Amino acid sequence: MKPARFDYYAPGSPEETVTLLAELGDEAKIIAGGQSLVPMLALRLAVFDHLVDLRRLDALRGIDTHAGAVRIGAGTTHAAVGASAEVRRAVPLLHRATPLIGHFQIRNRGTIGGAIAHADAAGEYPVVALTLDAEIEALSPRGRRTIAAADFFTGMWTTALEPDEMLTAITFETWEGRCGFAIEEFARRAGDFAMAGAAVAIRLDGDSRIERCAIGLFGLGPTPVRARDAEAGLLGCPATSVTAGEVGASATAQLTGIPADVHGSADYRRRVGATMVARAWHRAMEEASND
Ligand code: FAD
């Protein structure tokens, strides 16, 4: 199928872009890499009268490191994120998540801002943003604001962004100290969206107790979710006192709204999710313990 007819705009600055979005109203949509939007338009799952392309906005591209954090422009492609030595060093979880996204053609065009704004509950970047408590910057005609990842993903493919707001950058704090990070997912075919997955970040103190940890789950609800109760129960525990299997079971015990379809029931997905948490916990703990 072909998309319905639309008018096309390619503004030259971020400010011009959000002014245009405000003028055009609800029938306008941003297009970045087009890797999610174009298939939806082509299948007529979405119809917009106006597409506002970000391709001329060089200001939205690039990766900057400053004061214990990495700021990534919304228009930076998945491929550029994956190739960045700074991301690899300072935000290993983001680096490790990148090759799991689709195929290299998709990573060459898709952007981190697009992936986070699209907010697919099974997407890798949304869950990494949530797990690492990323800060999401947005611009509108009313000015700039920062949204915590915990407040950003509000429902299935729905975010805290207003219709005239553009995501401009995502900032990830660098975890310092004895840390380990891992992301694990199960997909029916390589490159497919995950049926269930988990991202884990752990920091140990000098006595090898769990000083900080974060467990993010994806593909297991309408949004990516944090297993906050499980995290709270792990803080202060000696690294050797918890088994990965226990962590997997407790992280998935209270999940609600797990999807079910021909590929698997909600109960099956919960069990797969528990295994993904256990695998990610094991790998992250191994890395932190050897740090
Ligand atoms: P677009 O498709 O251009 O836009 C997506 C949405 O985000 C639109 O609603 C658009 O309006 C909005 N948007 C884009 N940029 C901004 C911005 N700066 N501010 C506000 N709103 C914005 N993704 C995964 O995470 N994991 C996968 O395994 C995966 N597999 C895929 C497999 C296939 C075959 C395909 C086609 C895609 C797959 N994707 C996967 C999706 C891919 O990662 C997309 O690139 C990404 O979700 C959207 O990025 P984009 O730049 O292409 O955004």
Side-chain angles (χ1 to χ4, degrees), residues 3 6 8-11 14 17-18 20-22 24 26-43 45-61 72-82 94 96-130 136-140 144-145 147 152-153 156-170 183 185-197 199 216 218-219 223-224:
F6 56 82
Y8 174 85
Y9 308 79
T17 304
V18 293
L20 189 59
L21 286 173
L24 295 172
D26 287 350
E27 294 310 317
K29 196 72 173 160
I30 286 176
I31 181 164
Q35 297 304 292
S36 295
L37 188 59
V38 169
M40 292 174 76
L41 294 173
L43 293 168
L45 296 172
V47 175
F48 294 98
D49 292 342
H50 312 283
L51 288 192
V52 180
D53 196 339
L54 306 186
R55 70 184 171 83
R56 290 177 61 207
L57 305 188
D58 291 340
L60 292 194
R61 286 185 277 275
I72 304 179
T76 310
T77 62
H78 308 335
V81 172
L94 186 65
R96 291 169 194 173
T98 302
L100 302 176
I101 301 175
H103 308 276
F104 74 86
Q105 295 92 334
I106 290 153
R107 298 194 292 272
N108 279 341
R109 295 286 306 175
T111 64
I112 188 168
I116 289 181
H118 187 58
D120 196 303
E124 286 81 2
Y125 282 168
V127 79
V128 170
L130 186 67
I136 294 161
E137 293 173 30
L139 178 71
S140 76
R144 290 181 189 275
R145 67 172 177 141
I147 308 162
F152 187 77
F153 303 106
M156 192 178 287
W157 295 306
T158 313
T159 71
L161 287 177
E162 298 292 337
D164 62 352
E165 249 180 340
M166 176 175 68
L167 200 164
T168 50
I170 302 106
I183 181 165
E185 67 179 43
F186 176 75
R188 294 178 69 241
R189 296 175 307 187
D192 278 3
F193 276 99
M195 190 183 258
F218 58 118
T223 64

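Just so you know, these numbers come straight off a predicted model, no measurement behind them. We count ligands from 1, going down the list as the structure has it; atoms in each ligand are counted the same way.
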Proximal atoms of ligand 1 relative to [X] (non-hydrogen, under 4.0 Å):
X      : result
Thr111 : 49 (O), 50 (P), 51 (O)
Ala117 : 7 (O), 12 (C), 13 (N), 20 (C), 21 (N), 22 (C)
Asp192 : 28 (O)
Leu100 : 28 (O)
Ile31  : 3 (O)
Gly34  : 1 (P), 2 (O), 3 (O), 50 (P), 52 (O), 53 (O)
Leu161 : 20 (C)
Met166 : 18 (N), 19 (N)

Is any side-chain heavy atom of Val81 closer than 4.5 Å to a side-chain heavy atom of Tyr125?
yes
Taking the side chain as every heavy atom from C-beta outward, state whether His118 and Trp157 have any atom pair closer than 4.5 Å.
yes
May I ask you to check whether [X] has an N/O atom sitting below 3.5 Å from an N/O atom of ligand 1?
X      : value
Ile106 : no
Pro39  : no
Gly102 : yes
Arg109 : no
Leu167 : yes

For atom 43 (O) of ligand 1, tell me which residue out of Arg55, His78, Gln35 has the closest non-hydrogen atom.
His78
